[in-house]
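Structure, as structure tokens:
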Amino acid sequence: MELSEILRVRREKLAELQDAGNDPFKIVKYNKTHNTKQIIDNFDEMEGTTVSVAGRLMSKRDMGKVTFSDLQDREGRIQLYIRLNEIGEEVYTQVKKYDIGDIVGVKGEVFKTRKGEISIKVSEIILLSKSLQPLPEKWHGLKDMDLRYRQRYVDLIVNPEVKNTFIIRSNIIKSIRKFLDDRGYIEVDTPILNTIPGGAAARPFVTHHNTLDIDMYLRIATELHLKRLIVGGLEKVYEMGRIFRNEGMSIKHNPEFTTIELYEAYTDYKGMMELTEQMIANVAQEVLGTTKIVYQGEEIDLTPPWNRMTMIESIKKFANVDFENITTDEEARKVAKELKVHVEDKHTRGEIINLIFEEYVEGHLVQPTFITDYPVEVSPLAKRKPDNPALTERFELFITRREMANAFSELNDPIDQKERFIKQVEAREAGDEEANMMDDDFINALEYGMPPTGGLGIGIDRLVMLLTDSYSIRDVLLFPTMKPKD
RNA sequence: GCACCAUUAGCUCAGUUGGCUAGAGCACCUGACUCUUAAUCAGGGUGUCCGGGGUUCGAGUCCCUGAUGGUGCACCA
């Protein structure tokens, strides 16, 4: 295949270097003393000292016998001042052939130009890697979403805010770990390859194990394994990791995404509520330095305590219907019809409450709000409220109209749990592909006795979106799922 | 899954009612320049107009179809 001129020229430059015995790809290391930010931030102490830095050339201003260039490393950029007299004719001729995108190591004195820009007066420069592909244009960057997602490495080179998002993502994750570790939690790893996918209502990815000759499922949640560990006496556990759901993609859904689930013995959903607001506020404070943030133009106040409302109260408030007075499935269906919420004959009162909530309430929940007391029909793993067995000790957290967390007092009654699994299996047999499967071993674990336990799950990607003001989940995933081009 | 929009040079984008050899800026190439910073100055267009059909004397432009992406809806406790 014929290369365009722009690609051909760079390959020729590389071949020339190789022919002259200067193959940049044979260089194995470079000793740098500083990064660009250290020099910029500490200029007063560093002026006049000799440093070595390494990075990518991002621009070039060739003035004949002097060349200015900007070197970019992870922390920032610094200007290079490359003077013929300083480095000699032979090296300077090489420098003239350097391209934007090349990786170099330089040594030189820190100084400030007449125009006041902190720079390095280069005394030694060496090509550490040749770039054979031209970078996108210098002030518009890379805008094509398709290219940005498929070639994230280019996006990261030319769009600084992208790099920043993923540094914040890393800091958020570190901050969460520290928060939980400081409270005596232990981090665990449970299987991603499952023979029974459980802990959530979702369609799994199916794969095959050749030696065992069985189908296996990628996990859709970590819940059931983590609760087994509570049975085992680990008392406080968490797992942060990737889960997989074979469902649609959207601005807030990717087939693989990251959650944290945590379980703590001897507490309940109210304990989880406090932990949730403390943890998220703490993360925001540590990572962003504030608990008052802006998401897509809306101010969000993450300062605890957050709003709390039962699901039935929220429906009363936003749909003007009081389910305290609606006790039968038939009445509930009638109300749904009046509210123009589509329900089927099989739907029960609890399911209808949930459907009305989704239709009428979610869209109002901008500031952090805990919605509590979910119907038992939509909460197959949550403990019933002692004074009302139709409801569960559960909450979901909503911020910016999005579900951010889900938590409950964990159901530890093996007989009740088995009955709820049976109901799920019936739903599955009736065609609901997202209903839970029977997990006999999990029931067995509960039969040994699980202490009263609070459990919590948080969508890490959605939290990162919130804290980095990212519009799409794809903007917080380094390599979002993409369809192959051909 | 449905609808709408997009796809033109390495990148960011123009391209009129269907009309002559498809344009600009950056990048790149040649040359000048020892404090520039969107460096400047002089010269040079490097292209599968997303793919495949069709209409037409003539298609980047119109029609059909496919691909990928974006957005909305649906799906997703």
(message) Students often get this wrong, so: under 4.0 angstrom with heavy atoms, is A/V9 touching a base, only sugar-phosphate, or nothing?
(response) sugar-phosphate
(request) Sticking with atom C1', work out how far B/C49 lies from B/C13, rounded to a whole angstrom. (result) 13 Å
(request) Please work out if A/K97 contacts a base, only the sugar-phosphate, or nothing of the nucleic acid, heavy-atom cut-off 4.0 Å. (result) nothing
(message) So does A/A435 get a backbone contact from the side chain of A/R428, meaning a donor-acceptor N/O pair under 3.5 Å?
(response) yes
(message) Give me the distance, rounded to whole Å, that separates B/U40 from B/C57 when you measure between the C1' atoms they each carry.
(response) 49 Å
(message) Test of understanding: with side-chain contact (heavy atoms from CB on, under 4.5 Å), list the residues that count as partners of A/V376, not counting sequence neighbours.
(response) A/R384, A/T392, A/R420
(request) Using a heavy-atom cut-off of under 4.0 Å over every strand shown, decide if A/Y471 touches base, sugar-phosphate, or nothing. (result) sugar-phosphate
(request) Any pair with a residue in residues 345-369 of chain A that passes salt bridge (charged side-chain N to carboxylate O under 4.0 Å, His left out), sequence neighbours left out, goes on the list, sorted by first then second residue, please. (result) A/E344-A/K346
(message) For A/F244 and A/F205, take the angle between the two ring planes, folded into 0 to 90°, and tell me which bin it lands in: parallel under 30, tilted 30 to 60, perpendicular over 60.
(response) perpendicular
(request) Let me know the distance between CD1 of A/I220 and C1' of B/A77, rounded to the nearest Å. (result) 12 Å
Taking only nitrogen or oxygen atoms into account, show me every contact under 3.5 Å that the protein makes with nucleotides 6-13 of chain B, one pair per line with its distance.
unit_1: B/C11; atom_1: O2'; unit_2: A/E137; atom_2: N; d: 3.2
unit_1: B/C11; atom_1: O2'; unit_2: A/G141; atom_2: O; d: 3.1
unit_1: B/U12; atom_1: OP1; unit_2: A/K143; atom_2: N; d: 3.0
unit_1: B/U12; atom_1: OP1; unit_2: A/D144; atom_2: N; d: 2.9

(request) Provide the full list of salt bridge (charged side-chain N to carboxylate O under 4.0 Å, His left out) pairs with a residue in residues 306-316 of chain A, sequence neighbours left out, each pair given once. (result) A/E277-A/R308, A/K316-A/D322
(request) Classify the nucleic acid contact of A/R245 as base, sugar-phosphate or nothing, counting any heavy atom under 4.0 Å across all strands shown. (result) nothing
(message) Going by the rule side-chain contact (heavy atoms from CB on, under 4.5 Å), which residues pair with A/R401 if we only count those two or more places apart in sequence or in a different chain?
(response) A/E298, A/V366
(request) Mind jotting down which residue pairs meet the salt bridge (charged side-chain N to carboxylate O under 4.0 Å, His left out) criterion with at least one end in residues 454-481 of chain A? Sequence neighbours excluded, please. (result) A/R169-A/D461
(request) Would you kindly give the CD1-to-P distance between A/I356 and B/A77, to the nearest whole Å? (result) 18 Å
For nucleotides 34-37 of chain B, tabulate all protein N/O to nucleotide N/O atom pairs closer than 3.5 Å, reporting atom names and distance.
unit_1: B/U34; atom_1: O2; unit_2: A/R83; atom_2: NE; d: 2.6
unit_1: B/U34; atom_1: N3; unit_2: A/N85; atom_2: OD1; d: 3.3
unit_1: B/U34; atom_1: O4; unit_2: A/N85; atom_2: OD1; d: 2.2
unit_1: B/U34; atom_1: O4; unit_2: A/N85; atom_2: ND2; d: 3.1
unit_1: B/C35; atom_1: O2; unit_2: A/R114; atom_2: N; d: 2.9
unit_1: B/U36; atom_1: OP2; unit_2: A/K115; atom_2: NZ; d: 2.4
unit_1: B/U36; atom_1: O2; unit_2: A/R61; atom_2: NE; d: 2.8
unit_1: B/U36; atom_1: O2; unit_2: A/R61; atom_2: NH2; d: 3.4
unit_1: B/U36; atom_1: O2; unit_2: A/Q79; atom_2: OE1; d: 3.3
unit_1: B/U36; atom_1: N3; unit_2: A/Q79; atom_2: OE1; d: 2.9
unit_1: B/U36; atom_1: N3; unit_2: A/Q79; atom_2: NE2; d: 3.1
unit_1: B/U36; atom_1: O4; unit_2: A/Q79; atom_2: NE2; d: 2.8
unit_1: B/U36; atom_1: O4; unit_2: A/T113; atom_2: OG1; d: 2.9
unit_1: B/U37; atom_1: O4'; unit_2: A/R61; atom_2: NE; d: 3.2
unit_1: B/U37; atom_1: O2; unit_2: A/Q79; atom_2: OE1; d: 3.4
unit_1: B/U37; atom_1: O2; unit_2: A/E117; atom_2: OE1; d: 2.5
unit_1: B/U37; atom_1: N3; unit_2: A/E117; atom_2: OE1; d: 2.7

(request) Return the 5'-most residue of the pair A/E434, A/T481 with respect to RNA chain B, ranking by each residue's nearest nucleotide. (result) A/T481
(request) Using the C1' atom on both, measure B/A67 against B/G52 and round to a whole Å. (result) 11 Å
(request) Taking only Lys NZ, Arg NE, NH1 and NH2, and the carboxylate oxygens of Asp or Glu, determine whether A/K423 and A/E419 approach each other closer than 4.0 Å. (result) no
(message) Give me the distance, rounded to whole Å, that separates B/U7 from B/G60 when you measure between the C1' atoms they each carry.
(response) 12 Å
(message) What's the closest nucleotide to the side chain of A/E403 if the choices are B/A77, B/U71, B/G70?
(response) B/A77
(message) Using the side-chain contact (heavy atoms from CB on, under 4.5 Å) criterion, which residues pair with A/I126? Sequence neighbours excluded.
(response) A/I27, A/Y30, A/L128
(request) Could you give the distance separating B/C2 and B/G58 at their C1' atoms, to the nearest angstrom? (result) 37 Å
(request) For B/A22 versus B/U48, give the span between their C1' atoms, rounded off to a whole number of Å. (result) 14 Å
(request) Find the distance A/E433:CD to B/A77:P and express it as a whole number of Å. (result) 12 Å
(request) Tell me, please, which residues at least two apart from A/T36 pass side chain to side chain donor-acceptor pair (under 3.5 Å). (result) A/D73
(request) Look at the rings of A/F370 and A/F395 and say which category their plane angle falls in: under 30° parallel, 30 to 60° tilted, over 60° perpendicular. (result) perpendicular
(message) Rounded to whole Å, how long is the line connecting atom CD1 of A/I251 with atom C1' of B/A74?
(response) 15 Å
(message) Give me the distance, rounded to whole Å, that separates B/U65 from B/G23 when you measure between the C1' atoms they each carry.
(response) 30 Å
(message) B/A77, OP1 or OP2 - any side-chain N/O from A/R394 closer than 4.0 Å?
(response) no
(request) Could you give the distance separating B/U21 and B/U34 at their C1' atoms, to the nearest angstrom? (result) 44 Å
(message) Just to be sure I understand the rule, does A/R148 reach a base, reach only the sugar-phosphate, or reach nothing, if contact means heavy atoms closer than 4.0 Å?
(response) nothing
(message) Restricting to salt bridge (Lys or Arg N to Asp or Glu O under 4.0 Å), what partner residues turn up for A/R228, sequence neighbours left out?
(response) A/D439, A/D441
(message) Reading 5' to 3' and counting Watson-Crick or G-U wobble pairs with both distances under 3.5 Å, write the dot-bracket notation for RNA chain B, | for bases paired outside the strand.
(response) (((((((..((((.....[...))))((((((.......))))).)...(((((..]....))))))))))))....
(message) The criterion is side-chain contact (heavy atoms from CB on, under 4.5 Å); which residues satisfy it with A/L84, sequence neighbours excluded?
(response) A/K65, A/E89, A/Y92
